[in-house]
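Here is the structure we will look at, set down as C-alpha cells.
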Amino acid sequence: MKKIALCCFYFISLQNHAQLISEKQKVVDSTTSFLEKTEFKLGYFGNALWNPGLSSGAEYVIREKIRIKERKRGNKTITKQLLLNGNLGFYWDPRSHVGVFTDYGITWRRTNNKGKQISIEFNPLGYHRSFFPETYEVKNGEVDKVFLPGRGYYAPSLSLGFGRLRKGKKLTASYFNINFKLLTPYNTGSLPMVSFNYGYRFKLKKKKKHTKNEK
Amino acid sequence: MRNNYLKIGLFFVPVLFFMSCAKEDINDLSDTFYVRHKGADMPAHIYGNASEKVFLILLHGGPGDSGLSYRFGTIKNRIEKSCAVVYFDQRGSGMSQGRFSENDFNIDVMTEDVMALVKVIQHKYGNDSRFFLMGHSWGGTLGIATLLKNNNQDFFKGWINVDGVHDWRQLYFGYIENYKVLSKEQIALGNRVDYWQKVLNKVKTVDPLKPNLEDFFKLNREAFIAETNIRRDGFIVSDGDYEKEIVNNYVFKNNLLTTFWSGAMARNVLIREDIFKNWSFEDRLNEIKIPSLLLWGKHDVVIPYQIGERISVKMGSKYKKHVLFEQSGHFPGGTESQKFADEVEAFISMNK
C-alpha cells in the first residue's frame, strides 16, 4: 500500500513539473545573494487612519514561480512568490498611547502582467507594546509612579495587500495593506485592531539582469 | 551602527513627543495620565482651571462609554473655566487597557478605581485638592456605589447625579410604569399612535413582578428608540448645535473601534453579576450625607425622571437640589446646556 502511495505521489509530482515547464517556468536562482532576494519596505501606518505611524520591514523571497503564458498578442507573465516577512513599526494615538509593534510571518504575492500585485500576509509571531504617558500605580493605598509604563500583548495579524511594481525605479513597488490584528490578552479578552499601511518597497542591491535558470 | 541609531531615534521621537504634550498651565490645564489599579490601566484626562485645585470627576455612562465623549458644549466652554474637569475612562472602557479576570470586573472594584484616581490626583496636585463627583446614567450608579463604600464621602465636597440610576431593580419597574403613562400621553396627543401602541403591547409581554435581564434589555433598548421619537416630535430641544462635537468626540478623540469593542465587552461582562441585587442602593440612599445636585431631563425615557424624584426624596443629604430640565431627555448637558452649566457652576461655587 505504501509503495503504491509513493508511486502515485512521484507520478503526480512529475506531471506537475512537466506542466510547469510547458508553460515556461523561472524559479528563483539559488545563487542569488541575500540582498538580491530581500526587499525592504517603509510606509505610513495608520491605526484607524488618524492615529499616524510608520512601519518598516523586510521581505525575503523563499520561493518564486514565474509563468510565461504564450499568447497571440504577446506573452503574459504571472509571478507568484512566497516570502518571509518581518515588520517593525509604531503609531501614535494622540490622547492615550504610543503603540510599537513587531511581527514575523509569511507573505504570498501574485504579480500580473501589468505589474499589479495582490498579497496576503500572515504574521503569527507578533508582539505589540503600548507606551502610556505618566502612569501611577495605586496599591494598598500607596501611589507610585510607574517606570516605562505600558502593556505588552501577543499580536498575530493578517493583511490583505494591493500594490504595483515600478519597473526601473529605485522604489521598486508601492503597496497598500489593510491589516487585522488581535491583541491578547486585553482587559478580560482580546482587542481586534484594523489599520492601514501604505508605502514603498526598495532593494539595497539591484538584481542581476539574467538569471541562470531562465529557459 | 548608523541604522541602529536611526531605529532608536524612530522609536523614541514619538514617545518623547507624546510625553511632552501635557500642558502644565494650572489655569488652563491639559493633562493626561493613567491610573494603574488591580490589573487595569485607566486614562484620566484633566482639562480646565485647576488654580483652586477643584476637580470635578466625571463618571461616564454605559457601562462601556468613554470619558472624553463628554467633552463638548458648556462642559468644555464654561465648566472647565471654573474648575478642572477629569474625564476618566473606567475599567475595561474607552481607551483603558490591562489584563484582569472577570472576577476583578465588577462595580465594587470599579468604586476602588474611582478612589485610586482621587489618590493619584492628590499625589500629583496636592492633598489640599478638592473633589466633586458627577455621574451620568450608569455613572450615577457607580457614583452612588462609590459614595456608599467605606468613608469615601469624606473625600468629596459634593455629588452631582445627571440622569443616573441608583437601583436597577427600581429602574425595571420604572420602565414599565413610565411606558404606560408616556404611551397613553402620546396616543392622546395623536403622536405616532401606531408606535406607542406597539410599546404598550411590548410592555404587556414583560414580567411585571420579577425583574429579569431579557425583559430589562427589551425595555432598555426601546427607551432609546422612544426618546428619539420624542425628540423628533419636538419635546426635546437643544439650545446649541453640539451634535457635530459629539460625533467628533466619538470618532476622532479616541479610536472608535477600540472604544466600541471595549464598551461592548465591558457591558457583556458587567451584566453577568446580579445587577438587580448588586446595583441596587435604594435602601442605603439615606447614608449619602454630602451636598447633592440632581439634574434630570423631563423627557428622559432611558432613566425616567420619576427615578430622580425617588432618589431626591430618599437621600440623606442636608443640601439636595433636584432640577428638572423641561426640554431635555437623557442628557440635559447636551440640550439645555446653559442651564446645565449654571446649575453645576452654582453648586460647585457654593460647596467648594
Side-chain angles (χ1 to χ4, degrees), chain A residues 40 42 46-56 88-100 102 128-146 148-154 180-195 204, chain B residues 7 10-11 13-15 17-22 31-45 68 89 91-105 112-113 115-124 251-258 261-262 265-266 268-269:
Chain A
F40 295 89
L42 184 68
N47 171 24
L49 280 178
W50 42 90
N51 292 342
L54 271 179
S55 171
S56 61
L88 176 70
F90 73 90
Y91 66 85
W92 176 48
D93 191 320
R95 285 170 191 85
S96 62
H97 67 281
V98 170
V100 179
T102 183
H128 181 107
R129 178 68 155 80
S130 303
F131 289 92
F132 301 146
E134 57 178 328
T135 297
Y136 298 89
E137 182 167 22
V138 181
K139 217 173 185 177
N140 303 322
E142 296 294 316
V143 180
D144 290 308
K145 198 167 184 178
V146 180
L148 214 59
R151 290 271 170 186
Y153 302 98
Y154 169 58
F180 304 94
K181 191 181 279 187
L182 196 72
L183 307 192
T184 191
Y186 187 96
N187 291 333
T188 55
S190 304
L191 176 77
M193 275 175 70
V194 178
S195 51
L204 293 182
Chain B
K7 279 180 188 169
L10 277 172
F11 182 80
V13 164
V15 176
F17 180 59
F18 176 63
M19 299 293 187
S20 64
C21 54
D31 187 14
T32 295
F33 57 82
Y34 272 71
V35 177
R36 177 171 288 180
H37 179 248
K38 288 197 172 174
D41 290 323
M42 300 160 282
H45 308 272
L68 277 178
D89 283 357
R91 173 178 295 258
S93 307
M95 298 304 289
S96 284
Q97 299 189 20
R99 186 183 303 173
F100 46 89
S101 72
E102 289 183 7
N103 292 334
D104 278 331
F105 198 5
E112 292 175 25
D113 292 340
M115 295 315 294
L117 170 67
V118 168
K119 283 212 176 299
V120 171
I121 295 172
Q122 282 181 326
H123 177 84
K124 208 175 166 197
V251 178
F252 296 105
K253 285 200 173 169
N254 284 320
N255 184 321
L256 183 65
L257 179 64
T258 303
W261 181 268
S262 292
M265 292 295 109
N268 193 31
V269 174

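Proteins come first, then strands; the chains are lettered A, B, ... in the order of their sequence lines, and each starts at number 1.
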Contacting region of B:Leu117 [heavy-atom separation from chain A under 4.5 Å]
neither
What residue in B:Ala266, B:Gly92, B:Pro43 has the most heavy-atom pairs under 4.5 Å with chain A?
B:Gly92
Looking at A:Gly189, A:Ser130, A:Gly89, which one has more heavy-atom pairs under 4.5 Å with chain B than the rest?
A:Ser130
Can you confirm whether A:Pro149 sits close enough to B:Asp41 that some side-chain heavy atom of one is under 4.5 Å from a side-chain heavy atom of the other?
no
B:Leu257 to A:Pro192 - nearest heavy-atom pair and separation:
CD2-O, 3.7 Å
Does any heavy atom of chain A fall under 4.5 Å from the side chain of B:Ala40, the backbone, both, or neither of them?
backbone
Looking at every non-hydrogen atom in both residues, tell me the closest pair between B:Arg99 and A:Gly152 and how far apart they are.
NH2-O, 3.2 Å
Tell me the closest heavy-atom pair linking A:Thr188 and B:Phe100, and the distance in Å.
CG2-O, 3.4 Å
Quick one: what part of B:Thr258 sits under 4.5 Å from any heavy atom of chain A, side chain, backbone, both or neither?
both
Taking B:Trp261 for the side chain and A:Met193 for the main chain, is one N or O donor matched with an acceptor at less than 3.5 Å?
no
Measure the spacing between CE of B:Met265 and OG of A:Ser190 and express it to the nearest 0.5 Å.
9.5 Å
Minimum heavy-atom separation for A:Thr135 to B:Arg36, with atom names?
CG2-CB, 4.1 Å
Quick one, A:Tyr91 with B:Asn255, criterion side-chain contact (heavy atoms from CB on, under 4.5 Å). Give me CA distance, side-chain angles, the key distance, then yes/no.
CA-CA 12 Å; A:Tyr91 66 85; B:Asn255 184 321; over 6 Å; no
Relative to the ring of A:Phe132, is the ring of B:Tyr34 parallel (under 30°), tilted (30 to 60°) or perpendicular (over 60°)?
parallel
Looking only at heavy atoms, the pair that brings A:Tyr186 and B:Ser96 closest together is OH-O, 3.3 Å
Please look at A:Val146 and chain B and tell me whether the side chain, the backbone, both or neither of the residue comes under 4.5 angstrom of a heavy atom of that chain.
side chain
Reported CG-to-CZ distance for the pair B:Asp89 and A:Arg95, which is rounded to 0.5 angstrom:
12.0 Å
Drop me the distance from B:His37's NE2 to A:Lys139's NZ, to the nearest 0.5 angstrom.
10.5 Å
Closest approach of A:Glu134 and B:Thr32, non-hydrogen atoms and distance?
CG-O, 4.1 Å
At what distance, to the nearest 0.5 angstrom, does CD of A:Glu142 lie from NE2 of B:His123?
10.0 Å
Checking heavy atoms, do the side chain of A:Thr184, its backbone, both or neither come under 4.5 Å from chain B?
neither
Would you check if A:Asp93 and B:Met95 make a side-chain contact, meaning some heavy-atom pair closer than 4.5 Å?
yes
